[in-house]
Structures are given as C-alpha cells and as structure tokens.
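Ligands are counted one by one from 1 in listed order, and the atoms in each one are counted from 1 as well.
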Amino acid sequence: MRIIRTTQALRTWRRRQDPPGTSIGLVPTMGALHAGHRSLMQRARRTCQTVAVSIFVNPLQFGPAEDYRRYPRNLSQDLASCREEHVDLVFLPEPDTLYPRDFQTTVAVSTLAQRWEGEHRPTHFQGVTTVVTKLLNLVRPARAFFGQKDYQQYGVIRQLVQDLDLDTRVTLCPTIRDADGLALSSRNRYVTTSQRQRALALYQALSAGKAAIGRGMRRADPVEKRMAKILDTGHGLDVEYLACCDARTLEPLARLRGTVVLLGAIRVGGVRFIDNLIVRIRQ
Ligand code: PAF
C-alpha cells in the first residue's frame with residue numbers, strides 16, 4: 001500500500017494510473033475509520049481496479065464552536081484498516097498541503113446545501129464541497145463512495161459533480177449500524193453510554209415513520225407527528241429537524257410519493273446525531 005502526503009506526488013501517481021480501462025475508486029474520509037468506512041472500501045474494491053482512500057480531518061468543514069481539535073484521530077489503526085481492505089493508495093495530506101497560506105477559493109452548492117444540516121451548520125457544506133472538489137481533481141476517480149448516514153452530503157456532492165461536469169460517478173453505500181440500530185460514526189467514540197442510549201430514539205423514530213409509510217400512510221404530517229412523539233417521550237434530547245423529504249431535492253413533502261427520505265438530527269447533551277431512512281413508495 002502506497003502512502004502519499006503531497007499533491008505533487010499524488011499527481012505523479014495519478015499520471016501513472018492512466019492506461020485505458022484502469023478505474024480508480026476514491027473513498028474520501030476524515031479517518032477514525034470504522035466498519036462503515038470499511039464497507040465503502042470493500043465496495044470500491046469490488047467495483048474498481050485501484051482503490052484510493054484519503055484521510056484528512058478537513059478544518060474547513062468545522063464551525064468555530066465545533067470539534068475540529070477533539071475530532072478522533074488514530075492514524076496507525078486507520079492505516080492497518082486500509083491494509084486489511086487491500087487499499088492501493090492512502091492520501092494523507094496536512095492542512096497546509098491542501099490549504100496553503102494564500103488559499104482563497106471555496107466551492108459552494110446553493111439550495112441543496114442550505115436546508116437541514118445547512119441551517120444548523122452554515123459553513124459545513126462549503127468546507128465539504130471545497131475539499132471534495134480538490135480530492136476529485138487530484139485523484140480523478142471513476143467512482144467516489146459515500147455513506148448514506150450523511151445523506152444530504154451525498155446529495156450535495158452529487159449536485160457538485162453534475163454542475164461542475166466532473167467525470168466521477170458518485171455512489172451511495174448503505175449506512176452500517178451497531179446491533180442496536182445506532183448508525184456508525186467516528187464521533188460515536190466520544191459519547192457516553194447514556195447519550196448513546198438516548199440517541200437510539202432517533203433511529204427508532206425514523207423506523208416508526210418508515211413502518212407507518214409501509215402501512216399506507218401517504219401524508220407527511222401524521223408520519224412526522226408519529227416520529228416526533230417517539231423523540232418526545234422523556235429521552236432528554238433536542239430535535240433539530242425531523243422531516244419527510246423528496247430524496248433528490250430534499251424539499252419537505254406534504255404528500256408522500258416516489259422515493260422519500262426521512263431525515264433527522266438531534267442533540268443529546270451537546271452531542272449531535274444525524275440519521276435517515278429511505279422509503280421507496282410504489283404508486
Ligand atoms: O464524510 C466525511 O467524512 C467528510 O465530510 C468528507 C466527505 C471526507 C469530506 O471531508
């Protein structure tokens with residue numbers, strides 16, 4: 001497995017991958033790799049000839065009061081995971097490699113990035129789209145792999161790739177969950193047992209919403225009320241948003257039809273949890 005730390009070495013590596021038919025799969029990460037990331041690497045391994053993983057805790061996507069400094073970092077374990085998944089290349093830049101002192105450009109998606117997560121983390125997606133654009137430009141992968149847990153991020157990146165005519169297919173991979181249903185996240189490492197326990201209500205609420213749609217409920221309002229009631233019942237958490245949306249535009253829906261995504265974000269004692277479930281409605 002090759003480890004590259006500079007953009008120059010990455011460009012040289014990339015030029016050597018050029019024989020026709022070579023497909024590169026990119027898995028962008030911020031490290032603290034878990035089974036969710038590993039499932040992305042496995043999907044890349046199955047579908048592409050060469051698998052590249054980037055590990056970079058991107059300062060641009062953290063708000064001033066957020067956890068950039070505390071964000072879990074565990075490089076030796078991350079590299080071991082990449083080796084076990086037969087990754088070919090790990091790109092491991094430092095912040096000033098990607099953002100040198102005179103860095104002045106940001107890439108921003110408008111409407112899709114402004115609601116839900118965008119309302120609660122106003123500069124977040126701009127940081128994500130800037131770094132992802134740089135990674136896609138450097139690696140020029142045939143495919144890039146993202147987890148469903150960050151469903152809005154996937155939508156924003158898909159929009160970015162479409163709007164900027166980038167030659168990469170953006171692939172959504174299923175959320176990986178613990179046995180109790182909690183979606184895996186690098187940040188789960190620093191939640192207490194009690195926060196974790198209370199946060200499970202989010203998945204339970206989304207699952208109840210999905211079940212209600214499965215039983216034939218076609219108006220968003222009663223589905224959202226049902227989900228909100230589950231989050232309301234004494235878990236000591238704050239709901240940031242909970243909505244039934246169109247899976248492509250992320251616009252809230254009144255009547256449920258087509259592919260719907262149930263999106264939710266909560267705070268439990270200062271820690272944010274997001275999750276979502278996709279429901280395909282047959283007309
Ligand atoms: O999902 C993440 O881990 C990050 O937002 C990403 C896509 C690697 C960009 O920093």
Side-chain angles (χ1 to χ4, degrees), residues 4 7 10 24-41 43-44 51-63 66-75 77-78 81-82 85 87 89-99 103 105-109 112-113 116-118 120-139 141 143-161 164 166 168-176 183-190 263 265 272-276:
I4 286 182
T7 52
L10 185 58
I24 299 176
L26 174 66
V27 180
T29 80
M30 297 209 300
L33 303 178
H34 50 66
H37 297 110
R38 289 176 75 132
S39 75
L40 304 181
M41 297 178 206
R43 179 81 175 268
V51 178
V53 171
S54 60
I55 300 179
F56 178 61
V57 185
N58 175 31
L60 237 55
Q61 70 188 72
F62 290 79
E66 291 184 0
D67 55 348
Y68 174 65
R69 283 181 197 291
R70 264 184 80 206
Y71 194 84
R73 291 162 170 87
N74 193 338
L75 185 57
Q77 225 173 67
D78 287 350
S81 302
C82 290
E85 299 301 341
V87 166
L89 170 88
V90 177
F91 180 46
L92 207 55
E94 289 295 326
D96 58 2
T97 308
L98 288 185
Y99 308 125
F103 186 80
T105 303
T106 50
V107 178
V109 169
L112 199 53
W116 314 123
E117 283 301 284
H120 294 272
R121 305 182 72 193
T123 56
H124 171 67
F125 281 127
Q126 190 169 303
V128 171
T129 43
T130 301
V131 80
V132 169
T133 304
K134 285 172 73 78
L135 293 169
L136 295 179
N137 272 333
L138 286 162
V139 178
R143 294 178 72 159
F145 299 84
F146 296 90
Q148 189 191 317
K149 200 212 88 195
D150 297 297
Y151 185 79
Q152 189 177 4
Q153 167 173 277
Y154 155 74
V156 166
I157 291 169
R158 188 179 53 185
Q159 187 72 42
L160 156 92
V161 163
L164 298 185
L166 302 180
T168 297
R169 180 165 151 202
V170 180
T171 301
L172 182 69
C173 302
T175 302
I176 305 297
L184 295 193
S185 160
S186 302
R187 288 184 168 99
N188 289 356
R189 292 177 194 203
Y190 52 56
L263 290 178
R272 277 187 100 238
F273 294 84
I274 61 171
D275 202 350
N276 66 82

>> Could you check whether Glu117 pairs with Arg272 (Lys NZ or Arg NE/NH1/NH2 to Asp/Glu carboxylate O, under 4.0 Å)?
In response: yes

> Which of the atoms in ligand 1, numbered in the order shown and given with their element, are less than 4.0 Å from a heavy-atom of Thr29?
Replying inline: 8 (C)

>> Using a 4.0 Å cutoff against the non-hydrogen atoms of Pro28, which atoms of ligand 1 qualify?
In response: 8 (C)

> Should you measure from each heavy atom of Val131, which atoms of ligand 1 turn up under 4.0 Å away?
Replying inline: 9 (C), 10 (O)

> Does the gap between the ring centers of Tyr71 and Tyr68 come in under 6.0 Å?
Replying inline: no

>> If we set the cut-off at 4.0 Å for heavy atoms, which region of Ile157 has an atom near ligand 1: side chain, backbone, both, or neither?
In response: neither

> To the nearest 0.1 Å, how far is atom 10 (O) of ligand 1 from its closest protein heavy atom, and which atom is that?
Replying inline: Gln61 OE1, 2.6 Å

> So Tyr99 and Phe103, would you call those rings parallel, tilted or perpendicular, with 30° and 60° as cut-offs?
Replying inline: perpendicular

> What is the nearest protein non-hydrogen atom to atom 3 (O) of ligand 1, stated with its residue, atom name and distance?
Replying inline: Met30 CG, 3.7 Å

> Got Phe91 and Leu98 here, is their nearest side-chain heavy-atom distance under 4.5 Å?
Replying inline: yes

> With Thr168, which of Val132, Leu136, Val139, Leu160 fulfils side chain to side chain contact (heavy atoms under 4.5 Å, CB included)?
Replying inline: Leu136

>> What protein heavy atom lies closest to atom 1 (O) of ligand 1? Include the residue and the distance to one decimal.
In response: Gln153 NE2, 2.8 Å

> Just wondering, do Ser39 and Phe145 contact through their side chains at under 4.5 Å, heavy atoms?
Replying inline: no

